[in-house]
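Have a look at the structure below before the remarks.
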4 protein chains.
Amino acid sequence: MEADENASDQRAGRPRDPRIDRAVLRAANDLVRQHGYADLTIAAIAEAAGTTKPAIYRRWPSKAHLVHEAVFPSGENTSLPQTGSLSDDLREMLRRTAAAFSEPAARAALPGLLAEISADRSLHTALLERFQDGVWGALRQRLVEAAERGEVRSGVDPAALLETIAGATLMALLIRDTDHLDDAWVEHSAELLTKGITP
Amino acid sequence: MEADENASDQRAGRPRDPRIDRAVLRAANDLVRQHGYADLTIAAIAEAAGTTKPAIYRRWPSKAHLVHEAVFPSGENTSLPQTGSLSDDLREMLRRTAAAFSEPAARAALPGLLAEISADRSLHTALLERFQDGVWGALRQRLVEAAERGEVRSGVDPAALLETIAGATLMALLIRDTDHLDDAWVEHSAELLTKGITP
Amino acid sequence: MEADENASDQRAGRPRDPRIDRAVLRAANDLVRQHGYADLTIAAIAEAAGTTKPAIYRRWPSKAHLVHEAVFPSGENTSLPQTGSLSDDLREMLRRTAAAFSEPAARAALPGLLAEISADRSLHTALLERFQDGVWGALRQRLVEAAERGEVRSGVDPAALLETIAGATLMALLIRDTDHLDDAWVEHSAELLTKGITP
Amino acid sequence: MEADENASDQRAGRPRDPRIDRAVLRAANDLVRQHGYADLTIAAIAEAAGTTKPAIYRRWPSKAHLVHEAVFPSGENTSLPQTGSLSDDLREMLRRTAAAFSEPAARAALPGLLAEISADRSLHTALLERFQDGVWGALRQRLVEAAERGEVRSGVDPAALLETIAGATLMALLIRDTDHLDDAWVEHSAELLTKGITP
DNA sequence: GCTTAAACGAGACGGTACGTCACGTCTTCTA
DNA sequence: TAGAAGACGTGACGTACCGTCTCGTTTAAGC
């Protein structure tokens with residue numbers, strides 16, 4: 001992220017053991033899926049990862065920072081397939097958001113993460129960036145292109161549309177009993193939003 | 001929960017002091033607004049209300065049950081004005097949801113409440129009922145009526161629409177920096193959804 | 001200790017469980033004897049006593065306060081036998097001090113306690129009172145009586161003599177390898193001090 | 001410990017920087033005086049000395065070993081002036097012990113050192129040697145000479161007398177509030193012990 | 001001049017205890 | 001029986017310091 005991290009990346013002192021980073025992220029993902037966010041303790045993560053609490057606190061300032069990284073890894077595939085159709089783009093976007101939020105670890109962690117986000121600005125920023133750099137960025141680009149082609153009526157705010165997609169997905173998962181959102185839900189929601197934004 | 005409050009509400013022994021109920025709800029509302037949900041403690045509520053922890057636990061089974069009652073009082077005005085226009089109904093619905101969620105205590109408590117809801121079925125039920133009995137019930141009725149008049153295209157699921165409204169509102173508040181959602185947001189969202197559901 | 005603790009000793013709220021006090025003191029005494037003062041942890045004491053850390057911290061402000069009470073119980077027999085001879089009094093005093101300091105728990109705890117005493121005024125006071133109320137008070141009285149009978153040369157300071165007795169005993173235990181100070185040591189020290197204070 | 005410092009002291013590799021030894025000893029002395037033994041950390045000493053923890057652990061095996069060297073430097077003046085009088089020798093001995101123990105760094109460190117000594121044999125040996133080689137050795141010699149001249153009654157154990165001197169001094173400093181022991185204390189104690197050992 | 005080996009600064013490491021906090025319950029006395 | 005008061009077991013918190021280790025970088029002595 002910073003320019004001075006390339007060449008002489010090596011900071012003084014003993015370097016952090018990257019195996020610990022990986023083991024902790026994996027343990028956090030496992031445990032949050034098994035026990036839920038509230039019953040997740042740093043000590044348990046440390047033990048499952050074969051390390052100690054201080055080693056974790058050296059890397060992440062809080063449980064939320066750790067879990068958000070464990071549950072939404074940054075390296076996820078972000079490229080939307082070329083569909084050429086705004087309707088298909090929306091459908092794919094909904095499918096992906098639903099899939100990401102339904103993934104067991106994410107489903108277990110999201111409500112807790114949202115609670116902490118609303119009380120911690122640094123987390124807020126970190127989580128938003130993680131999504132902007134991922135799937136959402138791609139859709140925003142498609143929307144802009146579609147608008148240029150005249151397929152989107154003027155007055156549609158891309159950011160608001162993304163909020164609606166994410167919010168509808170989240171709320172559906174929170175309210176419904178089901179474990180995941182099926183194709184019918186995706187279809188139904190895509191139709192609603194497509195009709196909502198076409199001229 | 002309400003069934004045991006019938007005719008012979010009077011149980012043996014000293015009756016509960018209703019002033020404590022009121023003082024606790026008021027204190028919970030104040031404190032959650034000032035310190036947020038996570039930093040809210042039962043002991044602090046008890047002290048601010050001039051009573052004690054056991055007196056609170058006699059009335060509410062957990063912090064979440066108390067706060068959800070303190071933040072979304074059951075006696076709120078629920079009747080939608082007669083507009084006759086589905087578009088106006090939607091707009092009013094969005095306005096009310098945004099207002100309810102933006103109210104300082106609700107804003108501070110909602111994320112925390114959602115986190116606990118997703119881990120506690122009885123809370124889940126309680127919070128949903130509170131909303132179904134309130135504003136959401138009215139809109140559902142309007143939707144059904146509008147559908148009968150042919151103003152809503154077939155295939156629109158009222159429950160999904162409500163989820164979308166609530167989710168979009170919640171997500172906008174979570175993501176944006178602003179304290180409240182302005183009229184432009186309401187207008188924009190109403191237009192999106194109106195177009196989305198009309199035949 | 002305070003006058004208002006008699007009649008209405010009962011403070012509001014649930015009273016402390018006296019069995020916990022006893023169990024903790026016994027456990028502290030056991031553990032300090034087995035593992036030494038430095039390796040003694042509050043958590044281990046709590047576990048051995050069948051209780052918890054907060055219950056201990058409610059009663060004693062620090063490990064040192066707890067241990068000093070566990071190792072030098074206040075109810076010890078304090079009355080010196082009537083000997084009528086200053087020399088015998090001194091010998092008995094040395095014997096008792098040596099016995100008290102040599103008792104396994106005391107031997108294990110004393111160096112650590114002294115270290116904490118020198119950094120904590122409240123402990124300083126507490127430990128001194130514990131001894132003044134015990135054996136040392138009796139000897140001081142004997143010295144005064146002997147001085148009145150002319151058996152002690154003027155210029156002898158009772159406090160300094162007590163310091164010498166306690167200091168010699170402590171230092172002998174710290175420096176020597178032996179577990180306890182034998183009769184020969186008592187005899188030898190008594191003779192030194194008797195000759196030192198007679199006119 | 002000293003044996004490997006003979007002729008070919010020079011081991012392969014970069015030699016240790018003697019300025020670090022001096023800086024660490026000075027920093028330890030300063031810090032123990034300011035903050036006391038318990039609140040003294042190796043990291044703080046390292047920082048104050050402008051070096052690092054490993055450099056310290058390369059030189060001293062533990063905090064106690066370092067502090068005992070920092071607080072009782074080995075090069076102190078040890079020769080007692082020739083008085084020819086046992087009484088004067090005792091007085092001088094008490095004066096020196098009181099001075100050594102009252103020196104601010106020693107006063108702050110002694111109780112903590114004693115606590116660690118009683119749990120670590122190697123420290124025990126090291127601290128005793130430091131004193132035997134210093135002032136105490138001289139007095140022991142005087143006592144033997146005085147005994148040969150018949151100025152000391154038979155049955156007086158030089159070791160026990162030294163213990164009494166050191167113990168009385170230590171205890172006086174532990175118990176009293178004063179910063180140092182004045183001449184009156186020295187006089188009083190010297191008289192007590194002189195009378196105690198003369199035939 | 002090159003090699004070698006240890007000291008150096010920096011800082012992460014596993015480990016362990018700390019003292020505190022809030023939970024929700026229980027026990028006492030009093031109203 | 002409610003209420004005020006406060007102790008209870010439980011369990012996690014985040015921090016601190018220990019003494020060790022692993023880096024990359026000097027610094028001499030010896031070849």
Side-chain angles (χ1 to χ4, degrees), chain A residues 8 10-21 38-44 46-47 49-59 61-63, chain B residues 10-20 38-47 50-63, chain C residues 8 10-20 38-44 46-47 50-59 61-63, chain D residues 8 10-20 38-44 46-47 50-63:
Chain A
S8 154
Q10 180 68 32
R11 296 190 297 292
R14 177 176 178 174
R16 289 200 180 143
D17 187 341
R19 291 171 304 181
I20 292 181
D21 293 74
D39 292 344
L40 185 67
T41 70
I42 300 283
E47 191 183 357
T51 182
T52 57
K53 282 200 296 173
I56 294 183
Y57 280 109
R58 234 172 263 129
R59 290 168 167 77
S62 79
K63 186 168 82 167
Chain B
Q10 182 64 35
R11 297 189 289 292
R14 174 176 173 177
R16 285 188 187 160
D17 185 341
R19 290 170 304 181
I20 291 182
D39 293 344
L40 185 68
T41 71
I42 298 284
I45 297 174
E47 191 184 356
T51 182
T52 59
K53 285 199 295 171
I56 294 183
Y57 279 108
R58 231 171 268 128
R59 292 167 166 80
W60 295 274
S62 80
K63 184 167 83 168
Chain C
S8 154
Q10 181 67 34
R11 296 190 297 292
R14 177 177 178 174
R16 289 198 182 145
D17 186 341
R19 290 170 305 181
I20 292 181
D39 292 344
L40 185 68
T41 69
I42 299 284
E47 190 184 357
T51 182
T52 57
K53 282 200 294 174
I56 293 183
Y57 280 108
R58 231 171 268 127
R59 291 168 165 78
S62 79
K63 186 168 81 168
Chain D
S8 155
Q10 183 63 38
R11 299 188 290 292
R14 175 177 177 177
R16 285 190 186 156
D17 185 342
R19 291 171 302 181
I20 292 182
D39 292 345
L40 185 68
T41 72
I42 298 284
E47 191 184 357
T51 183
T52 59
K53 285 200 295 170
I56 293 184
Y57 279 107
R58 231 172 267 129
R59 292 167 166 79
W60 295 274
S62 79
K63 185 168 83 169

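A, B, ... follow the sequence lines: proteins, then strands. Residue 1 opens every chain. All values reported here derive from a predicted model rather than from experimental measurement. Basis for what follows: all heavy atoms, side chains included, without hydrogens, waters or symmetry-related copies.
- Counting to the nearest Å, the P atom of F:dG6 and the CZ atom of C:Arg16 are 11 Å from each other.
- Note: CD1 (C:Ile20) to C1' (F:dG9) measures 9 Å, nearest angstrom.
- Between the CD1 atom of D:Ile42 and the P atom of F:dC18 there is a distance of 6 Å, rounded to whole Å.
- One interatomic measurement links the two molecules: CZ of D:Arg19 to P of E:dA7, which rounds to 16 Å at whole-angstrom precision.
- One atom, CZ of D:Arg14, and another, P of F:dA28, lie 7 Å apart when rounded to the nearest Å.
- Distance CD (D:Glu47) to P (E:dC8): 18 Å, rounded to an integer number of Å.
- At F:dG9, one or more side-chain N or O atoms of C:Thr51 fall inside 4.0 Å of OP1 or OP2 (strictly under the cut-off).
- Residue C:Thr52 is in base contact, counting any heavy-atom pair closer than 4.0 Å across all strands shown.
- Without hydrogens or angle criteria, D:Lys63 side chain to D:Thr41 main chain gives no donor-acceptor distance under 3.5 Å.
- Between A:Pro54 and B:Lys63, the residue anchored closer to the 5' end of DNA chain E is A:Pro54, taking for each the nucleotide with the nearest heavy atom.
- To the nearest 0.5 angstrom, D:Tyr57 atom OH is 11.5 Å from D:Thr52 atom OG1.
- Between A:Arg59 and E:dC13, a side-chain N or O to OP1/OP2 separation shorter than 4.0 Å is present.
- Atom OH in D:Tyr57 sits about 17 Å away from atom P in E:dA7, given to the nearest Å.
- Atom CG of D:Leu40 is separated from atom P of F:dG19 by 11 Å (rounded to the nearest Å).
- For C:Arg16 (side chain) and C:Arg58 (main-chain N/O), a donor-acceptor pair under 3.5 Å exists by modelled atom type.
- Of the possible donor and acceptor atoms, none in the side chain of A:Lys53 sits under 3.5 Å from a partner among the backbone N and O of A:Glu47.
- No donor-acceptor contact under 3.5 Å links the side chain of D:Lys53 to the base of E:dG11.
- Within the nucleic acid shown, B:Ile56 has no heavy atom closer than 4.0 Å to any nucleic acid atom.
- Toward the 5' end of DNA chain F, the nearer of the two residues A:Ser62 and B:Gly50, judged by each one's closest nucleotide, is B:Gly50.
- Taking for each of C:Asp39 and A:Asp21 the nucleotide of DNA chain E with the nearest heavy atom, the 5'-most of the two is the partner of A:Asp21.
- A distance-only check finds no donor-acceptor pair linking the side chain of B:Arg59 to the backbone of B:Ile20 [under 3.5 Å].
- The side chain of B:Arg58 places an N or O atom within less than 4.0 Å of a non-bridging phosphate oxygen (OP1 or OP2) of F:dG3.
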